[in-house]
Each structure stands twice: as C-alpha cells, then as structure tokens.
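Each chain gets a letter, A, B and so on, in the order its sequence line appears, and its residues count up from 1.
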Protein chains: 4
Amino acid sequence: MLSFESDYILGAHEKVLEALLKTNSEMLSGYGNDIHTENAKNLIKKACNAPDSDVFFLTGGTQANKTIIATMLKPFEGVIAPQTGHISLHEVGAIEYTGHKVIELAAENGKLSAGKVEEYLKTFYGDENNSMMVVPGMIYVSHPTEYGTLYTKSELSALRAVADKYGMKLFLDGARLGYGLMSRESDLDLSDIADLCHVFYIGGTKVGALCGEAVVFAKGYTPERFHSLTKQHGAMLAKGRLLGVQFEALFTDNLYFEISKNAIDRAEELKQLFKSRGYEFLIDSPTNQQFIILTDEQMKKIGEKCRFCFWERVDENRCAVRFATSFATTKEDILALSEII
Amino acid sequence: MLSFESDYILGAHEKVLEALLKTNSEMLSGYGNDIHTENAKNLIKKACNAPDSDVFFLTGGTQANKTIIATMLKPFEGVIAPQTGHISLHEVGAIEYTGHKVIELAAENGKLSAGKVEEYLKTFYGDENNSMMVVPGMIYVSHPTEYGTLYTKSELSALRAVADKYGMKLFLDGARLGYGLMSRESDLDLSDIADLCHVFYIGGTKVGALCGEAVVFAKGYTPERFHSLTKQHGAMLAKGRLLGVQFEALFTDNLYFEISKNAIDRAEELKQLFKSRGYEFLIDSPTNQQFIILTDEQMKKIGEKCRFCFWERVDENRCAVRFATSFATTKEDILALSEII
Amino acid sequence: MLSFESDYILGAHEKVLEALLKTNSEMLSGYGNDIHTENAKNLIKKACNAPDSDVFFLTGGTQANKTIIATMLKPFEGVIAPQTGHISLHEVGAIEYTGHKVIELAAENGKLSAGKVEEYLKTFYGDENNSMMVVPGMIYVSHPTEYGTLYTKSELSALRAVADKYGMKLFLDGARLGYGLMSRESDLDLSDIADLCHVFYIGGTKVGALCGEAVVFAKGYTPERFHSLTKQHGAMLAKGRLLGVQFEALFTDNLYFEISKNAIDRAEELKQLFKSRGYEFLIDSPTNQQFIILTDEQMKKIGEKCRFCFWERVDENRCAVRFATSFATTKEDILALSEII
Amino acid sequence: MLSFESDYILGAHEKVLEALLKTNSEMLSGYGNDIHTENAKNLIKKACNAPDSDVFFLTGGTQANKTIIATMLKPFEGVIAPQTGHISLHEVGAIEYTGHKVIELAAENGKLSAGKVEEYLKTFYGDENNSMMVVPGMIYVSHPTEYGTLYTKSELSALRAVADKYGMKLFLDGARLGYGLMSRESDLDLSDIADLCHVFYIGGTKVGALCGEAVVFAKGYTPERFHSLTKQHGAMLAKGRLLGVQFEALFTDNLYFEISKNAIDRAEELKQLFKSRGYEFLIDSPTNQQFIILTDEQMKKIGEKCRFCFWERVDENRCAVRFATSFATTKEDILALSEII
C-alpha cells in the first residue's frame with residue numbers, strides 16, 4: 001500500500017546498501033577503528049567546513065540526545081528545550097534517566113526563540129534562591145523541528161548569542177537535518193550549523209541510512225573520553241564499520257544532499273496537491289513533513305488506500321495527520337496520492 | 001533584630017529540646033531501632049488514625065521528596081507536580097537526579113486541580129505514541145503550598161479519585177503540615193490526609209524540631225526494603241534517636257498541633273495588621289506564610305528594623321516579600337512589627 | 001592481511017545481507033512493528049522451544065546487558081558476576097551507571113560455580129547487617145565465557161537452583177552463544193538454555209549479523225513496559241527492521257547453527273595446528289576463541305603476516321594472544337596460518 | 001544495661017548539647033548561612049592548619065561518602081576501595097546508585113596499601129582495552145578503618161604519591177577520625193591528614209555529636225557548586241545551624257580531641273582487661289573498637305549482662321564480637337565489665 005507514514009518506512013538508499021555490500025568482506029578492526037569510519041569522519045568535517053571538529057557515529061536519535069546531553073552537562077545543570085521537543089515528550093524520560101532536568105519552555109511552531117530563552121534566564125538569575133535551582137547549561141533545538149519548521153540563520157545566531165552570554169552550550173538535534181538544509185526556505189547551510197552550534201548531529205536513520213547519526217562537536221567541546229562514554233551508554237557498536245561505511249557513502253558525491261532534495265521536491269508537490277484540493281494545514285512546513293487537517297470521514301477514506309501518521313485531534317470532527325516524504329519518495333507516489341485524495 | 005524571615009530561623013521548641021536532654025544518656029541501638037522511635041511511630045499512627053500505616057523518619061524535605069518518589073515510581077514513570085512546586089523549582093533537580101521526570105502542570109495559587117491533572121492524562125492516554133512518553137505514576141502536591149494556600153477536602157478527594165482512576169499514587173509534601181491543619185480555613189484533619197494520600201509526610205523541621213520529617217505510607221504502599229533504601233539515599237542517621245525523640249515530644253500532649261496553632265494565630269494578627277495599614281497582598285494565604293507587596297522604599301525602610309524574605313518583583317517599584325510566623329512567634333513580635341510598618 | 005583478530009572483523013553473512021537487500025524496498029512500520037521482526041521473534045521462540053517467552057531485539061552486547069539488568073533488578077539489588085565477566089571489566093561501568101552494583105566473585109577459567117555463589121550468599125544472609133548491604137538479585141554468566149569456556153548442563157542447572165533458592169534471576173550473556181551451542185563439548189542446546197535461564201540473549205553481532213542481539217525473557221519475567229524502557233536506554237531503533245530482518249535470516253534454515261558450526265570446525269583445526277607445532281595454550285577452550293602463548297619474538301614474527309588480539313602478558317618473555325575464528329573463517333585461512341606459524 | 005554495642009548508643013556530649021541549648025533562641029538564617037556555622041568552619045580550618053581549605057557540614061557518613069565521591073569523580077571514573085571498606089560493603093550500593101563503580105582491592109587488616117593500588121593501576125594502564133574500563137579516579141580509605149586499624153604517616157603518604165602519579169584523588173573517610181588521631185599508635189595529626197588528602201571528613205556522629213560530619217576539601221579541590229549539589233543529594237539541612245553549632249562546640253577548647261582521648265584511654269583499659277583474662281583478639285586494634293573472640297557460651301553469658309556487637313563467626317564454636325568505647329565511656333563502665341567477663 002502507498003505509504004507516507006514516516007521517513008523511516010524503507011531500508012537504506014541503494015548506494016548505501018551497495019557500500020555495505022562492497023565492503024562486507026573487508027577485514028576491519030572493531031569499535032570504529034577502521035578506514036571507512038575514518039574516511040567518513042573526514043568527509044563530514046569537510047562538508048561542515050570544520051576541520052578541527054570531532055565526529056562520532058551513534059545509532060539513533062534518542063541515543064545521541066541522551067549521550068550528548070549527559071556527557072556535556074555538569075551535574076547541577078539542566079537543558080532548556082521547547083515543550084514540543086523530542087527530548088521533552090517522546091523519549092520516555094531518557095534525559096532525566098541520566099540525571100538531568102529538561103527545562104521546558106513554550107514553543108511556537110515547534111521552535112524556541114532566543115527571546116523566550118533569555119526571558120527565562122533573567123528570571124533564573126534574578127532569583128535569590130537560584131542556588132536551589134537547576135542551572136541552565138544547554139539549549140536544545142531540533143532542526144527541522146518535530147513540526148517540520150526551520151530556524152533561520154538569524155534565529156539560530158540569536159540562540160547562540162544567548163548561549164554564549166550565559167555560558168551555555170547550543171545543541172542542535174539534526175535527526176532530519178538533510179531535509180532542513182535542502183528546504184527552499186532554508187538560509188542555513190551545513191557549515192553555518194557547524195559554526196553556530198557547540199554540538200549537533202547529522203541524521204542518517206531518516207535520511208537514507210539503515211541507522212546512524214553523525215555527532216559533530218565543535219573544536220574544544222568534545223567531552224573527555226567521549227568514545228569510552230558511548231560504551232557506558234550502551235551506544236558503541238562492535239562493528240563500528242556499519243555506521244562508518246554508511247556515512248562514507250552518504251557523504252560521497254553529495255548523496256546526502258541529493259536524496260534530501262528529492263524528499264523536499266516531493267514534499268512541495270504533495271503540499272501543492274493538498275492545497276490545490278482545498279485542504280487545510282495544521283502548520284506551514286517547508287520540509288518533508290506535511291501536517292494536513294482531515295475530517296474523520298476523510299481520514300477513514302484516504303486511510304483505506306494510503307498510510308499516514310495520526311498526529312493530533314483538532315476538534316470533534318477533525319484531526320491533523322502527517323504525510324512524510326523521504327529520500328525514496330517518487331513522482332509516481334505523488335501521482336498515486338492525487339488519485340486518492 | 002526582629003525576624004519573620006522564615007519558619008526555620010530558630011532552633012527547636014523547648015519541649016523538644018528538653019526531650020533530647022532528658023534522653024541523652026540513655027543507651028539506645030542505632031538506625032532507629034530504639035524505644036523512642038518506636039513510640040513516636042505509634043503516636044503518629046494514632047494521631048493519623050491509621051494503625052496499619054508505616055512510619056519512617058527522615059531529616060529534611062528534599063531528602064524525603066527524592067527518597068519517596070524514587071522508591072515509589074517504576075522506572076518508566078514520572079511525577080506530576082505544579083509548576084510552582086518545590087520539587088519542580090527548588091531542589092536542584094533532585095528528582096531528576098534519581099532518574100525520574102517531573103511533569104509540570106500549570107498551578108493556580110500554588111495548587112494543582114484534579115481537572116488540570118485529568119486534562120493532561122487524557123492527552124497522555126489519547127496519544128498513540130504514548131509508549132514513547134513518561135507514564136504519569138504519581139501526583140505531588142504540597143500542603144500548605146509554597147504560597148501558603150491549602151487544598152480543601154473536596155479538592156484533595158478529587159485528586160485522589162483521579163489518581164485511583166489512572167493507577168497513580170497521591171503524595172502530599174507536608175513540610176509545613178501543622179500550619180495547614182491548624183489554619184482556620186482548613187477542613188482537613190490529619191486522619192483525612194492519612195486517608196486520602198498513598199504517602200505523605202509531617203514536617204518537623206519547620207514546626208518545632210531541629211530537623212526531621214515523619215513519612216507515613218498508607219497500608220500496602222511502603223516500598224520494599226524502604227529502610228535499606230534510605231541508606232542508599234544517604235538518608236539514614238546512625239543516631240536515629242535524634243528524630244525519634246523529637247517526634248515523640250511533638251506528638252505527646254498535642255504539642256505539634258498547639259505550636260502550629262500559635263503560628264496561625266500570630267499569622268492572622270500579622271495579616272490583620274498589614275491589612276489595617278492598607279498594604280496589599282500577593283495572595284490570600286490562610287497559613288503561616290504571608291505575602292505582602294511593598295514598594296522598594298518600604299522594603300528598605302522596614303528592612304532596617306525587621307527581617308523578611310524577598311519573594312519576587314511585582315513591578316518596577318514594588319516587590320512581594322514573605323513574612324513567616326512559626327511555633328515560636330510571640331504576641332510581642334507582632335506588636336514590635338506594628339511599630340515598624 | 002590474514003586476520004584472526006576477532007569474530008567481528010567482517011560484515012554480515014551473505015544470506016543476512018541478501019535478506020536486507022531483498023526487503024529493502026518494503027514499506028514497513030518503525031520500532032519493530034513489522035512483519036519480519038514478528039517472524040524473527042516466532043522463529044526464535046520455536047528454536048528455543050519456548051512459545052511463551054518474549055523476544056526483543058537490541059543492537060549490541062553492552063546495551064543488552066545494561067538494559068536487561070537495570071530493568072530486572074529492584075533498586076536495592078545488585079548482580080553477581082565473575083570477576084572476569086564482561087560487565088565486571090569491559091563496559092566502562094555501564095551497569096553501575098544504571099545504579100546497580102556488580103558483586104564480583106572469583107572465577108575459574110572465566111566461569112562462576114554454583115558453589116562459589118552459594119558460599120557468598122551464605123555470608124550475605126549470615127550477616128546481621130545485611131540490611132546495609134546490596135541484595136544479590138541476579139546471577140550473570142556469559143556462555144561461552146570471555147575465555148571461550150563453557151558451562152555444562154549440570155553446572156548451569158546448579159546455578160539455576162541456587163538462583164531459585166535465594167529468589168534471584170539467572171541471566172546468560174550469549175554474545176557468542178552460537179559458538180557455544182555448536183562446540184563439540186557442549187551438552188546444552190538452545191532449549192536447555194531457554195529452560196534454565198530467566199533471561200538470556202542470542203548474539204548476532206559476533207555470529208553473522210551486522211549488529212543485533214535477540215533477548216529472550218522466560219514466561220512471566222519480561223519487565224513491565226520493556227519496549228518503552230529500551231527507548232529510555234537509547235536502545236530502540238526507528239528502523240527496527242534492521243534487526244528483525246537479520247534475525248529472520250539467521251533463524252531460517254538453521255543458518256545460525258550452521259555458520260556457528262563452521263567457526264567451531266575451523267577453531268578445532270586451528271587448535272590442532274598450534275598443538276601440533278608445540279605451542280602452549282593459556283586455557284583449554286572448546287569454542288571459537290583460542291588463547292595461545294607466544295614468545296615476544298613469535299608475536300612479532302607472526303604479527304607481520306597475520307593479525308590476532310593481544311590478551312595478557314604471561315611472563316617477562318611471553319604473552320597470551322587470542323586467535324578467533326568466525327562464521328566466515330575458511331579452510332584456506334587455516335592453511336595460510338599453517339604457513340606462517 | 002551496660003553497653004559497648006557501638007560508639008553511637010548515646011546522644012551528644014554535654015557541651016555539645018549545652019551549645020544547642022544556649023543558641024536555641026538565636027534567630028539565624030537557614031542552610032548554613034549563620035554565624036555559628038561560619039565560626040565552626042574557621043575553627044576547623046585552623047585545627048587543620050589549612051586556611052585555604054573549604055569546609056562543609058553534612059549529616060552522616062554514607063551521605064558524605066556518596067556526595068563527595070559523586071561530585072568529585074568524572075562520569076567515566078570509579079573509586080578504588082578496600083574490599084572491607086564501608087562504601088564497598090555497608091551502604092546498600094549508595095556509590096553505585098550515583099553511577100560510579102567501587103573498584104574493590106584486597107585489604108589487609110582493613111587497610112589498602114599503596115603497593116596493592118599501584119599493582120592494580122599497572123594492570124589497568126597495561127591493558128590495551130582500557131578504553132572499555134572504568135578509569136580509577138580516586139582512592140578511598142577509612143581512618144580508623146572498619147577494623148579499628150590505622151594508617152601510618154608513611155603509608156598515607158605513599159597512597160598520596162600513587163594518587164598524584166596517576167592523576168587520582170585521595171579521600172579519607174574519617175567517621176571515627178578523633179579516635180584515630182588520639183590513638184597512642186598514631187603518628188598522624190589533623191594537619192597531616194589535611195595535608196595528605198584531597199578531601200576528608202571529620203566525623204561528629206560517632207565522636208560526641210548528635211549527627212554531623214565536617215567535610216574538608218583541600219585548596220582547589222572543592223567541586224563546582226558543591227553547596228547546591230548537597231541539596232540535589234538531599235543532604236542540605238534547612239536548619240544548618242544544627243551542624244554548625246555542634247562543630248563549633250566540638251572545636252572549642254580542644255573538646256573533640258579530649259573526648260576522643262577518653263575513648264582511647266578506656267579502650268586501652270578494656271583491651272588490657274580482656275588480655276589479662278586470656279581472651280584472644282580478632283585483630284590488634286589501637287583505637288576505640290576492640291574485636292574479641294568469644295566462645296558461643298561466653299557470648300551468651302556475657303550477653304546477658306552487657307551489650308556488644310556481633311561481628312563475624314570465626315569457627316564452629318567461636319565468634320568475633322566488637323566492644324566499642326566512646327567519648328562517654330567511664331572508668332566505672334570498664335570496672336563493671338571486669339566483673340562480668
């Protein structure tokens with residue numbers, strides 16, 4: 001059945017699979033001490049225009065979030081995040097499980113504004129009892145957000161400025177980073193991200209890999225013995241090559257960007273399609289996740305021929321649902337959808 | 001200098017001190033295995049009209065909160081609390097340090113309503129992705145709240161009903177419980193509290209003891225090996241008698257209630273005094289903490305002769321400050337205050 | 001270069017790769033809610049002759065160890081393990097990071113004996129202060145052990161009996177389980193393991209998969225909301241299919257056992273080869289890891305043509321090194337080795 | 001009944017109680033921000049001859065151990081301790097609960113030798129896989145030990161040298177420090193301890209106080225925001241004065257040392273008494289804890305008239321028991337004991 005359920009309904013991009021196939025019988029050392037992992041790291045540093053950064057590969061988003069946050073925060077620090085952020089809502093308290101508070105601030109369209117953050121910090125530092133409070137040590141944003149929205153260069157710069165002013169780190173969860181970078185509305189490229197964030201990751205799982213996120217620490221911000229700490233967090237693969245080989249493929253010949261662009265192009269077509277048919281949107285998303293409002297009747301009818309993801313109830317008769325395109329969505333898929341809706 | 005800074009500016013009530021003096025040379029076993037601790041437990045069970053409950057003594061409020069919550073929650077559970085709750089704001093993330101999320105809901109006058117809690121629970125259980133969310137396993141309320149306000153019997157019953165309906169526990173932080181019970185506006189007595197809560201504690205530190213909180217678990221809700229777990233949490237005293245003897249004194253001849261009543265009587269006088277002089281209040285508190293709004297000039301002038309606690313800035317020229325009475329506040333103190341303001 | 005460095009120097013077995021290739025373009029739901037994962041679970045239950053067990057897939061051994069132990073132990077419990085056990089030595093304290101003590105007992109040839117365990121338990125339960133001690137809640141063994149050795153059916157049964165007697169769980173780390181099951185000296189089959197352990201896992205990473213361990217909980221021992229808890233531990237893959245598809249392949253047509261047998265056959269040849277040339281062994285291992293003692297000169301010379309793993313220094317002039325065969329080792333590899341040593 | 005059960009069977013020394021009484025009605029700020037706490041800190045720094053050290057007061061030994069260790073170690077570090085150490089055995093895994101491994105080394109008479117520590121460190125740093133191991137970050141010793149024994153100045157210096165050589169911290173648990181300092185066999189004074197340790201604490205609970213341990217950090221080793229972190233650990237008292245006033249009394253006019261000396265003098269008399277009657281000792285202790293070997297019959301008979309603490313079974317017919325003197329033991333108590341044994 002046709003499916004826009006998520007951007008992880010398929011396996012890997014064929015070139016990624018091919019790379020796994022091609023390197024399968026090479027004898028390589030474990031734990032990421034292999035030539036492909038090394039090469040992938042260098043390709044990523046180059047793509048980020050950040051030769052002095054440090055790159056590590058982890059298997060998934062929640063794993064990356066908890067390992068990064070737990071190893072970068074001091075014991076008395078918490079992480080500021082939007083109330084709709086992935087770490088706030090959908091990780092079964094993985095951050096708190098590492099002992100740190102997620103300080104949730106109101107979000108707008110999934111985004112956190114520098115203004116809101118500074119407003120909170122002023123309250124915090126204005127409180128005479130702040131020695132009894134969790135110290136904000138990091139700002140967490142996802143880009144694109146869980147609602148498909150994007151930060152502008154100016155917004156991200158403002159967040160970094162606030163972070164610097166108050167001695168905090170800026171961390172960008174890029175589980176869907178490719179789709180953000182290739183969005184027609186994006187004014188941020190990969191080197192901007194690398195320049196503005198103390199740490200971020202480039203999502204592979206949702207952008208053409210079987211699994212894998214590439215974590216990039218800005219120069220001087222890699223936690224001490226981070227590689228060992230990934231073991232402590234259960235996040236180290238014996239066959240580290242699995243991640244190295246995939247990212248090597250993704251960052252060869254611009255593959256990561258091209259397949260991200262495909263998802264964006266298809267998403268734009270899908271968006272226009274729904275618009276042209278008069279559907280309403282929950283939010284105006286410029287990336288690969290589109291949030292459409294359907295009546296219960298429409299949900300049922302469309303749902304018989306095409307999968308999508310339930311998002312939230314809007315009112316008694318209507319729900320918002322998510323249609324996601326991915327690296328693998330084809331023009332034919334959009335055409336097929338146009339027959340259904 | 002005259003001081004209404006807090007309800008812990010003095011040592012212990014004289015009868016509590018006397019009891020420590022009187023029992024000082026008795027040879028007693030450690031870790032709470034002594035006759036006074038035993039006796040204190042029985043006196044408290046009796047005062048609670050809860051013969052089948054279990055009583056334990058801990059030294060302070062944050063210690064009690066974290067030990068209780070960490071040992072009663074399952075690993076995937078979090079605790080619902082008002083945004084202004086002590087565990088939300090003023091414990092340096094002690095709850096999160098034990099691995100559990102504090103799910104903060106909007107509070108009104110420091111209180112959480114059953115309606116607000118159920119509204120949240122409906123969203124939670126209505127979310128198809130709830131397997132990725134922290135499961136609400138407990139409701140935390142403080143009584144009196146951090147703003148001096150009180151739950152009515154009906155409000156607390158409603159919270160218990162919601163807790164039961166969704167398989168949650170109701171936990172009442174009674175760091176200032178005596179002042180709540182003796183408030184003229186309270187319709188809850190100690191046996192009501194014991195009846196409605198799965199667990200609560202009777203604050204000693206702020207009500208006449210040098211230190212100590214009496215934790216009461218309703219029948220069947222004591223965590224397995226709780227005594228051992230207090231050791232793991234660094235919360236067990238070798239000389240457990242220090243807590244047992246104090247609570248024995250507090251629950252002999254109604255002392256706990258009488259000294260709480262003294263604080264309430266003085267608080268009412270203080271409240272009337274400020275009212276009669278035309279001062280405004282931040283909130284209408286029926287307990288021993290009164291929140292008065294002062295101009296910056298008044299703050300300075302009064303502050304020269306009398307201590308109080310800064311609470312929060314109200315506007316450019318005015319702040320809210322807290323005046324707290326306690327078991328030891330005298331009519332003379334109020335009189336002296338009337339000369340100053 | 002020829003390499004016996006470890007059993008994870010290669011990618012996946014070709015049939016595992018083929019399965020990934022073949023299913024790559026199927027549209028499947030995430031988080032393990034797909035038909036291949038379902039099928040793999042059923043195949044494993046069948047192979048274990050344990051239709052009522054619960055099966056989950058995780059990505060690696062340390063991840064499995066920490067997630068299983070943390071979710072099965074009560075807060076006051078620790079896990080008994082041999083001093084040479086993987087969780088004792090080589091996981092950067094991953095178990096302690098979850099808050100639980102590893103109670104290390106002396107091992108013999110990497111193995112823990114029921115006698116040693118019971119001896120410890122008698123001390124524990126004989127101590128009047130045991131309320132201040134960590135309660136032993138689980139026995140951890142690896143099979144094969146880190147030294148390639150195996151438990152006999154009688155030894156494992158004795159450990160289970162002790163576990164039952166003292167209310168503990170028996171957990172078997174089967175990161176290399178296939179190589180144990182196919183050892184010529186093994187008198188345990190998979191259904192015995194499933195019968196004797198409360199929980200164990202079937203290692204994929206070191207036995208033909210790119211990554212993945214299949215965790216099997218005996219009926220009634222699955223921790224509450226275990227699936228959610230894997231998310232909290234950062235151990236859930238969005239593309240759960242990656243694990244499901246691989247284990248489906250491994251448990252189709254006996255593949256897992258056949259490729260394990262290959263490793264064992266080659267290991268026996270390798271063992272005979274070294275024996276016939278007069279080399280000494282650190283330990284007599286009946287599985288795919290062989291521990292040979294080499295002089296420093298031999299190490300250097302052999303090391304120029306063939307990779308192996310340094311294990312430990314034996315005396316001033318000699319070291320023990322590990323030669324590991326795997327699912328992919330060929331008769332040609334052994335032949336090539338015979339030319340070198 | 002006569003009791004030598006422990007050194008915490010009584011309340012406080014009378015001068016400590018008097019101080020609490022005398023200061024009881026002073027109005028003082030909370031959380032240790034009071035003049036007595038300030039004064040106590042200065043008296044202790046002076047007694048330690050360490051004007052640049054930082055002093056904090058906590059309520060008990062396990063609380064001090066876990067708070068100190070958790071805040072001084074990095075996330076990948078563990079603490080080396082003797083197998084018989086308090087943190088190894090009798091704290092319900094409080095250290096592991098904070099996420100850190102206790103690396104247990106063999107002890108002799110309760111003591112850890114620099115040689116044994118270095119031997120371990122050589123193995124650790126000699127292991128090529130040490131990136132998968134917990135890094136030893138601290139050495140924990142108790143002085144006197146759990147067996148009443150003492151480190152010499154030369155032994156403690158050697159431990160410090162090893163600590164420095166390997167970048168570790170030296171932490172001395174001084175729950176019974178007074179009894180160590182006043183032992184006739186001690187060649188360490190308080191300033192030596194302060195000089196040799198990165199952190200240590202001066203026990204009050206077992207040396208004349210109702211509760212309380214004074215933690216002393218050497219210059220430059222106080223963990224960032226330690227005061228806040230004590231709140232996170234549930235270790236901060238609202239009425240911090242309770243600890244400040246007691247330690248002020250203990251460190252005025254040499255009280256701490258005098259009452260410690262009393263315990264030592266009585267212990268020597270007790271030791272001679274048992275020796276003169278032909279009893280055997282489990283260990284030769286120069287401090288206030290004496291370990292006598294009794295037949296089961298003797299245990300029963302003496303136990304009818306005098307309390308002591310069961311320690312461990314020595315053989316089928318005999319046990320070791322502990323007789324502890326304290327700040328309050330009198331010559332009359334020893335005389336009474338001589339009638340009994």
Side-chain angles (χ1 to χ4, degrees), chain A residues 5-6 60-62 65-66 69-70 73-79 81 83-106 120 122-137 146 308-314 319-322, chain B residues 5-6 60-62 65-66 69-70 73-79 81 83-106 120 122-137 146 308-314 319-322:
Chain A
E5 192 183 351
S6 77
T62 296
N65 289 337
K66 89 187 245 296
I69 293 171
L73 289 185
K74 296 174 182 171
F76 48 80
E77 291 180 337
V79 53
Q83 255 173 351
T84 53
H86 207 259
I87 60 167
S88 306
L89 278 182
H90 287 113
E91 304 190 347
V92 196
I95 305 308
E96 289 85 358
Y97 184 67
T98 72
H100 297 281
K101 187 181 186 72
V102 179
I103 302 165
E104 300 178 13
L105 301 186
Y120 171 75
K122 277 183 182 160
T123 324
F124 173 80
Y125 285 103
D127 188 328
E128 296 200 350
N129 292 319
N130 99 351
S131 70
M132 307 293 192
M133 297 174 77
V134 172
V135 177
E146 294 72 14
F308 44 79
C309 176
F310 172 86
W311 203 251
E312 63 190 48
R313 183 152 285 280
V314 171
C319 290
V321 303
R322 183 187 68 179
Chain B
E5 191 184 351
S6 77
T62 296
N65 289 338
K66 89 187 244 296
I69 292 171
L73 289 185
K74 296 174 182 170
F76 48 81
E77 290 180 337
V79 53
Q83 255 172 351
T84 54
H86 206 259
I87 59 167
S88 306
L89 279 183
H90 288 114
E91 305 190 347
V92 196
I95 305 308
E96 289 85 357
Y97 184 67
T98 72
H100 297 281
K101 187 180 186 75
V102 179
I103 303 165
E104 300 177 13
L105 300 187
Y120 172 75
K122 277 183 182 161
T123 324
F124 173 79
Y125 284 103
D127 189 327
E128 296 200 350
N129 290 319
N130 98 351
S131 70
M132 306 294 192
M133 296 174 77
V134 172
V135 177
E146 293 72 14
F308 46 78
C309 176
F310 172 85
W311 203 252
E312 62 189 49
R313 182 152 286 279
V314 170
C319 290
V321 303
R322 184 187 68 179

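Of all non-hydrogen atoms in L89(B) and Q83(B), the two that sit nearest each other are CG-O, 3.6 Å. Between V79(B) and L73(B), the shortest heavy-atom contact is N-CD1, 4.1 Å.
The choice from E77(B), E312(B), M132(B), R313(B) that makes the most heavy-atom pairs within less than 4.5 Å of chain A is M132(B). The residue among E104(A), H100(A), K101(A) with the most heavy atom pairs within less than 4.5 Å of chain B is K101(A).
Between H86(B) and T62(B) there is a side-chain heavy-atom pair separated by less than 4.5 Å. You'll find the side chain of V135(B) reaches within 4.5 Å of the side chain of F124(B), heavy atoms only.
With a 4.5 Å cut-off on non-hydrogen atoms, D127(B) touches chain A through its side chain but not through its backbone. Residue contact with chain A, scored on non-hydrogen atoms closer than 4.5 Å, is absent for T123(B). Contact annotation for S131(A): only backbone heavy atoms (N, CA, C, O) come within less than 4.5 Å of a heavy atom of chain B.
No donor-acceptor distance shorter than 3.5 angstrom exists from the side chain of R322(B) to the backbone of F310(B), with no hydrogens or angles considered.
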